[in-house]
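These notes are about the structure you will find just below.
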Amino acid sequence: MEMYNHKKIEKKWQKIWEKKKDWQAKDFSKKTKYYSLVEFPYPSGEGLHVGHTRSYAAMDVISRKRRMEGYNVLFPIGWDAFGLPTENYAIRTGIHPKIATKKNTDNFRRQLKSLGFSFDWSREINTTDPNYYKWTQWIFLQLYKHGLAYKKKMPINWCLSCKIGLANEEVIDGRCERCGSLTEKREKEQWMLKITKYANRLLKDLEKVDYLEKIKTQQENWIGKSEGAEIEFPISNSKFLIKVFTTRADTIFGATYLVIAPEHPFVQEQITNHKSQITNKSEIQNYINKVKQKSELQRTDLSKEKTGVELKGIKAINPANKKEIPVFVADYVLSTYGTGAIMAVPQHDERDAEFAKKFNLPFSNAPLVDADEIIKKINAKKTTQYHLRDWVFSRQHYWGEPIPMIFCNKCGWQPINEKDLPVKLPDVKKYQPTDTGESPLANIKKWVNTKCPKCGGPAKRETDTMPNWAGSNWYFLRYCDSKNKKSLADFKKLKYWMPVNWYNGGMEHTTLHLLYSRFWNKFLYDIGFAPASEPYQKRTSHGMILGEDGEKMSKSRGNVINPDEIVKNYGADAYRIYQMFMGPFDQAIPWDPRGIEGARRFLNKIWNLGRKISLKKNFSSLETLIHQIVKKVGEDIEATKFNTAISALMILANEFEKEKKLRVKDYTLLLTLLAPFAPHMTEELWSQLGNKKSIFLEPWPKYDPKKIKEKTFQLVVQINGKLRDSFAAKSDISEEEAKILTLKRENVKKWIRDKKIIKIIFVPNKLINIVTN
RNA sequence: GCCGAAGUGGCGGAAUUGGAAUACGCGUACGACUCAAAAUCGUAUGGUCUUACGACCUUGAGGGUUCAAGUCCCUCCUUCGGCACCA
């Protein structure tokens, strides 16, 4: 037998698999379908990251196991290729993003193929391909036609460095999610998507899906539903009313003042209205100006002291007890949530208490009342508020899908005729956003100037592009029919494949990407273009792979692991085994270069075990263990406990090694269980045993529950809960018999001596515990 | 500040139900093979005390429940993740 030469056999099998098209999914096959999905990568110039392959290796194991279980598996891959790094590269080098993307995807494809993932490459997609983004644009048009896309001038987060507007969701600690520089507020006309219309369904339908509990919690928190009431507080001696939102209507008798947000229309109106009764207008105006300069980060910093100004000269009336109470403007109340005004109850709310202490406002220990009754009595309205806000969908960048809209001076915003899709990205000379913050597309007059689709008069194209979330919002649908030219995907095919049975990806995508794509899928479901109301039946997430130093892998730290080198030196199978064995799948874990050597050693051991095969041997002394291992490996894979599945396989291999001879049957069973993890080596050994068909056409091994049970076991003897002895006993030994055998033992006698036995606890097939005085 | 997860050898980690803590792998030491090395194989490997048999201690800290606690309860500490003046 030859030595295990990974270079030779991995290339060999990759070629054969590709030629035989073994991993191509068959539309409408009579087998039960199984759709396993991984997040398609952004093809960066740096090449494949080990983090990608952790997820891909895991879902490849699942997909290969499913095929062996008789499913028709769809396991697709593609490229989420629009995005800033490529655009920034273009700005730096002048190389067209299209060319850089081609180069990067070619490299990624080569890398993924070298790892032997069983992707159906015939369905490969690329979000930057006009044949793909035609349908991204088409979906936008449908959103527009159904009133879910609208343009709005609003304060948005403006990244000073990227020169683009960011959604609230994309600002982290007041900084741009992409480049990390500070953001400020600016007014800009933006295309918005009305995701808030779906808030309740996005929340409620979480009941229907099997996501990790922590992922569900994240979605729930982001949507942030709260039930409460809108209560009107009249302003004394005026026609004005201030509406507050509260979840604690029951505390209304303790409300001793009102607070409104600095952006609240009432304040704005009052300080400009010369008839207003307010006596300290300039003080209020000064305060508002100060707040404007603050970033959201500063405003929402919990450790800062509360600030605010009283609106002197006016009072509000508490509708519950008709008492007059003062009104403040303060920045701890936000205009974007609820009604932008609150009733402050220092007795029951910490923030209100802090503010009240600072401004010497009274605490009222008025009794709590029944919320429903008081709401009825004061004629307030029960309402529901969501934390979720509409999605800012415009970007002032080149490398994204053009938003397919046209502005006509006569007719206003008009959608492009569907027959004119796709709106292709034109070539530009400079990729840099303009100083005004407009997209580089704005400089191409020939492209911008067009005709109004409605009146035929002169009109201008929208020059903003879509965020890079757009393409990834519906890609799972396109995989079902990736070449379709007439529709985003044939409905019958969608109906066959959807929903995705199992979706795995990074924890960092479990809030935004998941929410956005669920939103688009629900919309497409509503208008009859998607067959399932929830796109993903099951969602899991893998932990990050950190550098050897325990820090996040990054170029600047110099701790990046290049998969190519590992594959070259140890082989794809060793790489995959190590990644699956390194630790719990959902936890972050540092890369250990020695771990890969252990994985390789394990594969060598399996390879060399082949020498022990004997045709003469026809019984197995390890039958019980084998059945136990089959059970464990299968169950662990399903529970994403890949590390213990492999450890079980190692135990089996170690036992096999202790045997002088090995049955063919036992050896092939080990190969079959190992096949999803180490596909190349097992396929090679399988064929060396004389098998003509792929090992992946073998059925996944089954175990016999009756054969799992051991004939004997070590009965543990405890005295007062401490381990003192153990001996082999028949399985299912009776309590009586166990007691007799235990009390006969010298070790036991020694410990008991003249002590009195108070009681004896017997746990079947486990232990016996003697309690003495 | 709130929510969530976690804390186990020199290291990554295991322990489905409360029932032998440290599986499996890495590392280390010694041995076998070898002229030698590598590879491979074998043995040992939580700590303290003991010549030894063995005893005692040990799952972030402290307390509790229990015949029995890594696992359950209480208090506290630390780390990671998420959210954050959301009324």
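Order of the sequence lines fixes the chain letters, A, B, ..., with proteins taken first and strands second; residue numbering starts at 1 for each chain.
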Test of ring centre spacing under 6.0 Å for A/Tyr578 and A/Trp591
yes
Same-atom distance (C1') from B/C26 to B/C76, integer angstrom:
35 Å
Mind checking the P distance from B/U71 to B/U50? Whole angstroms is fine.
32 Å
Among B/C56, B/U16, B/A87, the one nearest any side-chain atom of A/Trp751 is B/C56
Could you work out the separation of B/G7 and B/C72 based on their P atoms and round it to a whole Å?
11 Å
Looking at the angle O4'-C1'-N9-C4 for a purine or O4'-C1'-N1-C2 for a pyrimidine, is B/G63 syn or anti, with syn meaning within 90° of 0?
anti
Give the rounded distance in Å between these two atoms: CG of A/Leu546 and P of B/G81.
9 Å
So that I know where these two stand, are A/Phe581 and A/Phe642 an aromatic pair - ring centroids less than 6.0 Å apart?
no
Quick check for you: among B/C57, B/G19, B/C24, whose closest atom lies nearest to any side-chain atom of A/Ser647?
B/C24
Need one value for A/Arg600: base, sugar-phosphate or nothing, where a base atom within 4.0 Å counts as base even if backbone is also close, heavy atoms only.
nothing
Nearest-nucleotide wise, let me know which of A/Lys631 and A/Met582 is further upstream toward the 5' end of RNA chain B.
A/Met582
Tell me the interatomic distance from A/Leu723, atom CG, to B/G19, atom P, rounded to whole angstroms.
15 Å
With rounding to the closest Å, how many angstrom separate the P atoms on B/G10 and B/C85?
43 Å
In whole Å, what is the span from the CZ atom of A/Phe581 to the P atom of B/C11?
17 Å
Nucleotide opposite B/G31 in a Watson-Crick or G-U pair, distances under 3.5 Å:
B/C41
Nearest heavy-atom contact between A/Pro362 and A/Pro346 is O-CG, 3.8 Å
So, A/Phe359 versus A/Tyr257, ring centres under 6.0 angstrom or not?
no
Which whole number of Å gives the distance between the P atom of B/G9 and that of B/U58?
14 Å
Return the 5'-most residue of the pair A/Pro590, A/Ile770 with respect to RNA chain B, ranking by each residue's nearest nucleotide.
A/Pro590
B/A36: pairing nucleotide in any strand, Watson-Crick or G-U under 3.5 angstrom:
none
